[in-house]
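To start, the structure itself, in structure tokens.
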Amino acid sequence: MRNWRAKGLLLGALLVGGTALAQEVPGDSPGGCQECSTGRDPIGISEVSISEDTLTVDVIYGGGCALHTFGFEWDGRFQESNPVRASVLIAHDAHGDPCKARVFKRLKFDLTQIKDQWRYQYKQEHGVVIIQFQDTDTTAHYQF
């Protein structure tokens, strides 16, 4: 597994109601803005979509009794293919939550940094990047 944080490229935070937050608390009440999670607790991805520059990821995880934090990480590189790919990680830190309830959450992340890096690197205004979720077969097409 890659150590994404060591590269210092934590891409985004959870978006709740248009405000960038790095955490979720039980009951969907947003907590204060804190550093994004780099945890590696289990998480399942059930659905992904992209609208404009916002990635929406529906996730499933075990918990229900403690704060869970999420992060969106990218190492800043593209894998050359047609179209290019960006391998990303949805980090999840359960903070030792002992509960086993099946929790469903919708997370939203800003993809602007991927778009900006693509424009800088390929010297074009419009393009497509395949967002590849690490350790899964899940992908999303990001067109801008």
Could you go through Q79 and I130, starting from their C-alpha distance and side-chain angles, then the distance that decides it, and tell me whether this counts as side-chain contact (heavy atoms from CB on, under 4.5 Å)? CA-CA 9 Å; Q79 300 166 6; I130 305 294; over 6 Å; no
Report task. Check the pair I131, V48 against side-chain contact (heavy atoms from CB on, under 4.5 Å), reporting the backbone distance first and the verdict last. Result -> CA-CA 10 Å; I131 306 297; V48 298; over 6 Å; no
- prompt: Going through the checks in order, is the side-chain contact (heavy atoms from CB on, under 4.5 Å) test met by L55 and Y142?
  reply: CA-CA 9 Å; L55 170 68; Y142 178 31; over 6 Å; no
Subject >> side-chain contact (heavy atoms from CB on, under 4.5 Å) between F72 and D110, worked out >> reply: CA-CA 9 Å; F72 180 81; D110 184 5; over 6 Å; no
- Message: Assess the residue pair K108 and E52 against the criterion (salt bridge (Lys or Arg N to Asp or Glu O under 4.0 Å)); give the C-alpha distance rounded to whole Å, side-chain angles, the decisive distance to 0.1 Å, and a yes or no.
- Response: CA-CA 12 Å; K108 295 185 181 229; E52 296 183 12; over 6 Å; no
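Heavy-atom contacts from other residues, nucleotides or ligands closer than 6.0 Å to NZ of K123 number more than 12.
The two residues D97 and A66 make their nearest non-hydrogen contact at OD2-N, 3.2 Å. Nearest heavy atoms, A94 versus D41: N-OD2, 2.5 Å. The shortest non-hydrogen separation linking W74 to A86 is NE1-CB, 3.5 Å.
Ring-plane geometry between H68 and F70 is classed as parallel, the angle between the planes falling under 30 degrees on a 0 to 90 degree scale with a further cut at 60. Between Y61 and H92, the ring-plane angle classifies as tilted under the 30° and 60° cut-offs.
Between V84 and Y122, the closest side-chain pair of non-hydrogen atoms falls below 4.5 Å. At least one side-chain heavy atom of I60 sits under 4.5 Å from a side-chain heavy atom of R102. Residues F133 and V88 have side chains in contact (heavy-atom distance under 4.5 Å, counting atoms from C-beta outward).
A ring-centre distance under 6.0 Å is found for W118 and F144.
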